Amino acid sequence: MDDPLFDQLTDAQREAVAHVDGPLLILAGPGSGKTRVVTHRIAHLLQLGTPATRILALTFTNKAAQEMKSRVELLAPGKPVWMSTFHRFCARMLREYASLVGLDPNFTIYDASDSHNALKHTIEDMEFDPGHFSLQQIAGGISWAKNNLIRPAEYEPRPGSVLGAIVHRVYPKYEAKLLQSSAVDFDDLLLHVAALLKDNPEVRGMLDARYRYIMVDEYQDTNLAQYAIVRALSIDVPNLAVTGDPDQSIYGWRGASLRNILEFEHDYPDVHVVRLEQNYRSTKRILRVADYLIAHNRRRKEKTLFTENDEGQPVRLRIYPTQQHEAEGIATRIASEILAGRRRPRDFAIFYRVNALSRAIETSLASHGIPYQMVRGVEFFQRKEIKDVIGYLTLLANPRDDEAFLRIINTPVRGIGRSTLERLRAYAATKRKPLLEAARESGLVADLPKKAAVSVARFVALYDRLSLLAAEPVEEILGHVLAESSYQETLERSDSEDDQERLANIEELLTAAREFDERTPGEGHLEEFLEDVCLVNETDTWDAVSDRVTLMTLHASKGLEFPVVFIAAMEEGLIPHERSREKPDQLEEERRLLFVGITRAEEELELSQASYREFRGQRKMTVPSQFLMQLPPEEIEKSQANWGPGVVRHYDEPVPDESHHQGEAWEEPEWREPSPVSAPAAAAPTAAPLAVRLTTAAELAGDAASASPDIFHQGMVVRHPEYGLGKIIALGGSQGQRKATVAFATAGQRTFVLNKSPLKPVK
DNA sequence: CGTAATGAAATTTTT
DNA sequence: TTTCATTACG
């Protein structure tokens, strides 16, 4: 084979890429060039003349899909291969076949918190008392059922299970509520598609034929619903290629089933299996540590990881007195490496089991002036202000969406309180109408005070005004929403810092909308925007480019790699997490989680443990993680750090005379005041990477001279020579076509093309 | 109706 | 300790 596509591949990789027809299982260890294989295989299929539209590649994250897209683009430019996440693929299928499962094509996708609210409202409507079970437990039960392809009517509670009995009662009502609102939760996206394929053989057959080659990444993380979907699409044309690593399955708690990959050979008997065991990422020592650890798992496929990389440094294990010492130790190490010019901030990553552990580390990094970015749990699109504003758009797109209605009906406050809503809900329930419809008829609602009815009517009028804009670019709709609901004004009037931050976040959302508009010209893309918004997550926008230390949970680290990795808090109860200790399966998953963390490291790995840790305000003595005992002792360089408080010291220095700090010295660690740092490279860390990337840098560089339209923003007060003072209520269009709608005090609303208008900002 | 105060709960979270 | 959700007041 002298095809350039195969040039840079190893034999094993080549074997996988060259495989064309029939099922293929690629067992790919960490750092084994899996993405390379998948992308090259796609390119190869294209080269053989397969139309791009006949290839489907499914991933779990947008980031992975994006990565794949850009790499295929390099190998085979301009080919529209469908590469997306499972959920996005399903969303698209459902838009096409919505009516077959009882949805409108403009259905809403509920994220976790939306569906939580929907469940809460369902239970309220039922006047059902779930006893001591929490909403989350019930939600978990429903989610479990959905992941296992059990529809409401088919749900059979385990005999004697109280929770099961509750789920049995609630699940059908919850599902009915979603359908009534024409909404789906994340699990539904998969479940509905699986059901669609099962119940409609002709549709299934057509799609099976349409997607001639299907590839699934991270197959070890598929659940039964995903399995069923993939399976249904590869019956007549069984050209299914899956890649995965059983040892990296860390989402069992989300319904992923290791069975799918372990039994793949059973499900597809004539499967071709390729093992990618050579690692190109880590040093020999790191790899041996990972391999030794994971060998303790029983439920797996044996594999032999090897690398031709250097031996590398020993893996370090540091034991600190307290978490503050631990954090300080890590920060000091990083600082000295950077100051010595050996590394840059972006070379480092710090992983931990739970988000709550990040705080101490952040504090220390900040005090050393080390720039960092945290991939954090609270996502941009989950913030209240974002969800509020999105709520308006959602209701515009789907007037049947009761959850969206409830979210925005009194945000900002318009005097529509609990009792009013109670009556609206009762009315809507008896008339079997969406809440918005009920609101429209507020005059007919029994016992509704006139004042309340007027408030409701005003809201409906607002809604109707906004809905006239539904086909406009998203940025413009958003602008009108912000202005006419007085959401923005309410925040601006507030002087709390939180609210100022909210305004900034809304500004980011506007930017995201603008970028979306530029990306998708034409009319009526509201649903697509909303889909983007809810199927995107912050990890996707983790910025590999910026020069910062990365902080994240072990889960979030999957798929990434860093020259130097720290894994903090190697303690019983954290890793393995206490909630995982009951079942052996869960313990194995925790072990895999650590395996994933370890195998992210390219050159250096440092594990650490604190002897005492403050947890929920309690200082407790810790027990070393059992996993530490499952590492090869000869590969580990263990050291105990025993010095007193406040001493910032490089680790390679010998431990100093500890006499006067012995014993309780660490009880009250003293803190150096976080000192502002002199070096410009070490600017104070910005709080959070926002989910939305700003393009302003490029734009400013481009045409800074022409007092660009970018100086105008949402809500700004402007002056017009003729009409006087006005406020920008919406912006739209891009570049030279940038337009603003301005509400003037005397002259009403007018729209201008900014480049040609005499508008000037005031202030 | 809206805000302040109290109390219970607290992993991980591809979408 | 912190965060939320519900409850009690003004």
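Predicted model only: the values in this text are computed from it and were never measured. The chains referred to below are lettered A, B, ... by the order of the sequence lines, with proteins before strands, and numbering in each begins at 1.
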(request) Spell out protein contact along nucleotides 1-10 of chain C as letters: B when the base is contacted, S when just the sugar-phosphate is, - when no protein heavy atom is under 4.0 Å; keep the 5' to 3' order. (result) BS---S----

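- Between the CG atom of A:L357 and the P atom of B:dA10 there is a distance of 17 Å, rounded to whole Å.
- Between A:R88 and A:D532 a salt bridge is recorded (basic side-chain N to carboxylate O distance below 4.0 Å).
- Checking B:dT15, B:dC1, B:dT14 against every side-chain atom of A:L535, the shortest atom distance belongs to B:dT15.
- Separation of the A:H555 and A:Y251 ring centroids falls under the 6.0 Å cut-off.
- In this structure, A:D111 reaches neither bases nor backbone, as no heavy-atom distance under 4.0 Å exists between it and the strands shown.
- At the heavy-atom level, A:T59 lies nowhere under 4.0 Å from the strands shown.
- For A:H132 and B:dA9, the NE2 to P distance is 11 Å, given to the nearest whole Å.
- The side chain of A:H577 lies closest to B:dT11, out of B:dT11, B:dC1, B:dT13.
- When the P atom of B:dT15 is taken as reference, atom CD1 of A:I229 falls 16 Å away, rounded to whole Å.
- A:N62 has a side-chain polar atom (N or O) that falls below the 4.0 Å cut-off from OP1 or OP2 of B:dT15.
- When the nucleotides B:dT12, B:dT14, B:dT15 are ranked by their closest atom to the side chain of A:H555, B:dT12 comes out on top.
- Not one side-chain nitrogen or oxygen of A:N355 sits closer than 4.0 Å to the OP1 or OP2 atom of B:dA10.
- Taking the ring centre of A:W253 as origin, the terminal cationic atom of A:R579 falls outside the region bounded by 6.0 Å and 45° from the ring axis.
- When the side-chain nitrogen and oxygen atoms of A:S580 are compared with OP1 and OP2 of B:dT12, none of them lie within a distance under 4.0 Å.
- Here B:dT13 is the nucleotide among B:dT13, B:dG2, B:dT11 with the atom lying nearest to any side-chain atom of A:A556.
- The distance between atom OH of A:Y251 and atom P of B:dT15, rounded to the nearest whole Å, is 9 Å.
- Distance CG (A:L189) to P (B:dT14): 15 Å, rounded to an integer number of Å.
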Donor-acceptor contacts, no H, no angles, side chain residues 254-262 of chain A, under 3.5 Å, sequence neighbours left out:
residue: A:S257; atom: OG; partner: A:R259; partner atom: N; Å: 3.2
residue: A:R259; atom: NH2; partner: A:D267; partner atom: OD2; Å: 2.8
residue: A:N260; atom: OD1; partner: A:T222; partner atom: OG1; Å: 3.2

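- Proximity note for A:T420 (side chain, C-beta onward) versus B:dC1, B:dT13, B:dT14: the nearest is B:dC1.
- Aromatic stacking is marked for A:W253 over B:dT12, as both cut-offs hold: 5.5 Å for the centres and 30° for the planes.
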